[in-house]
Amino acid sequence: MKKMINALVAIGLLAFGSAHAGHVMVSDAWVREAPPGAAALAGYMTVMNHSGEARALVAASSPAFGHVMLHRTVMEEGVAKMVHQMRVELPANGTVTFEPSGYHLMMMKPKQALKAGDVIPVTIEFANGETMEVEYQVKGMGSAMGDGGMDHGQMDHGHR
């Protein structure tokens, strides 16, 4: 009995903070808490494709936001710009990290104030139509993970 309980605890610890669908796993999904009246927040995560086939992330949504888009921060002539992405390629047996100054989810129009400790459901969708539910942790404003100083008010919604 004790071995069974220990096994269940170990499985629970492995599952905490991650989600998976098929051969794709997501971990470290987080967003910084929003000050009242914030128009948009950036969401970060690590996506691991453990299959031998490339996959593509094509959309995201959340009941906590009016709209969620895939974005990437790029440098053009020394200026950081956010560019809307129609898809994010996940190489076979590879990892893509959504992080400050890189890929991120642009979560528009929060429906309520978010505070540290909240959990936000986000659904991500792949090109093959498969979806996965991911729980985003809301981290405090003083979190060690920064936003790279990106001004999220400057957005280029061109398709790349």
- Quick one: do Glu76 and Lys81 satisfy salt bridge (Lys or Arg N to Asp or Glu O under 4.0 Å)? Show the steps, please. CA-CA 7 Å; Glu76 291 182 4; Lys81 292 184 177 182; 3.5 Å; yes
- Could you tell me the separation between the CD atom of Glu99 and the CH2 atom of Trp30, rounded to the nearest 0.5 Å? 10.5 Å
- Would you find a donor on one side and an acceptor on the other, under 3.5 Å apart, between the side chain of Asn49 and the backbone of Leu90? yes
- Going through the distances and angles, do Val119 and Val138 end up as a side chain to side chain contact (heavy atoms under 4.5 Å, CB included)? CA-CA 6 Å; Val119 176; Val138 178; over 6 Å; no
- What's the shortest heavy-atom distance between Met82 and Thr73, and which atoms? CG-OG1, 4.1 Å
- Contact check, side chains of Val47 and Phe98, non-hydrogen atoms, under 4.5 Å: yes
- Query: Do Arg72 and His104 pass the side chain to side chain contact (heavy atoms under 4.5 Å, CB included) test, and can you show the C-alpha distance, the side-chain angles, and the key distance before you say yes or no?
  - Reply: CA-CA 6 Å; Arg72 184 175 191 182; His104 57 277; 5.9 Å; no
- Message: If hydrophobic clusters are built from ILVMFWY residues whose side chains come within less than 4.5 Å, do Val96 and Met107 share one?
- Response: yes
- Message: Within the structure provided, determine whether Met45 and Ile124 are in side-chain contact (heavy-atom separation under 4.5 Å).
- Response: yes
- Query: Yes or no on side chain to side chain contact (heavy atoms under 4.5 Å, CB included) for Tyr136 and Leu41, after CA distance, side-chain angles and deciding distance?
  - Reply: CA-CA 12 Å; Tyr136 268 71; Leu41 300 170; over 6 Å; no
- With no hydrogens and no angle check, is any side-chain donor or acceptor of Glu33 less than 3.5 Å from a backbone partner on Ala116? yes
- Message: I'd like to know whether Met25 forms a side chain to side chain contact (heavy atoms under 4.5 Å, CB included) with His50, so could you lay out the CA-CA distance, the side-chain angles of the two residues, the decisive distance to 0.1 Å, and finally the verdict.
- Response: CA-CA 8 Å; Met25 288 185 64; His50 295 292; 4.0 Å; yes
- Query: Which value, rounded to the nearest 0.5 Å, describes the distance between Leu70 atom CG and Tyr103 atom OH?
  - Reply: 9.5 Å
- Item | Identified side chain to side chain contact (heavy atoms under 4.5 Å, CB included) partner of Leu105 from the options Val122, Val88, Val31 | Val122
- Message: Pairing donors with acceptors under 3.5 angstrom, does anything connect the side chains of Thr123 and Glu133?
- Response: yes
- Query: With distance as the sole test, does His67 use its side chain to make a donor-acceptor pair with the main-chain N or O of Phe65 at under 3.5 Å?
  - Reply: no
- Rounded distance [0.5 Å steps], CE in Met48 versus CG in Asp28: 7.5 Å
- Okay, side chain of Ser62, backbone of Ala64: is any donor-acceptor separation there less than 3.5 Å? yes
- Just wondering, do Val68 and Met108 contact through their side chains at under 4.5 Å, heavy atoms? no
- Message: Please give me the minimum heavy-atom distance between Ala40 and Met106, naming the atom from each residue.
- Response: CB-SD, 3.6 Å
- Message: Do the side chains of Arg55 and Glu53 get close enough for a salt bridge, i.e. N-O under 4.0 angstrom?
- Response: no
- Task: Please work out which of the three classes, parallel, tilted or perpendicular, describes the rings of His84 and His71, given edges at 30° and 60°.
- Result: perpendicular
- Task: Kindly say whether Arg87 contributes a backbone atom to a donor-acceptor pair with the side chain of Glu89 at under 3.5 angstrom?
- Result: no
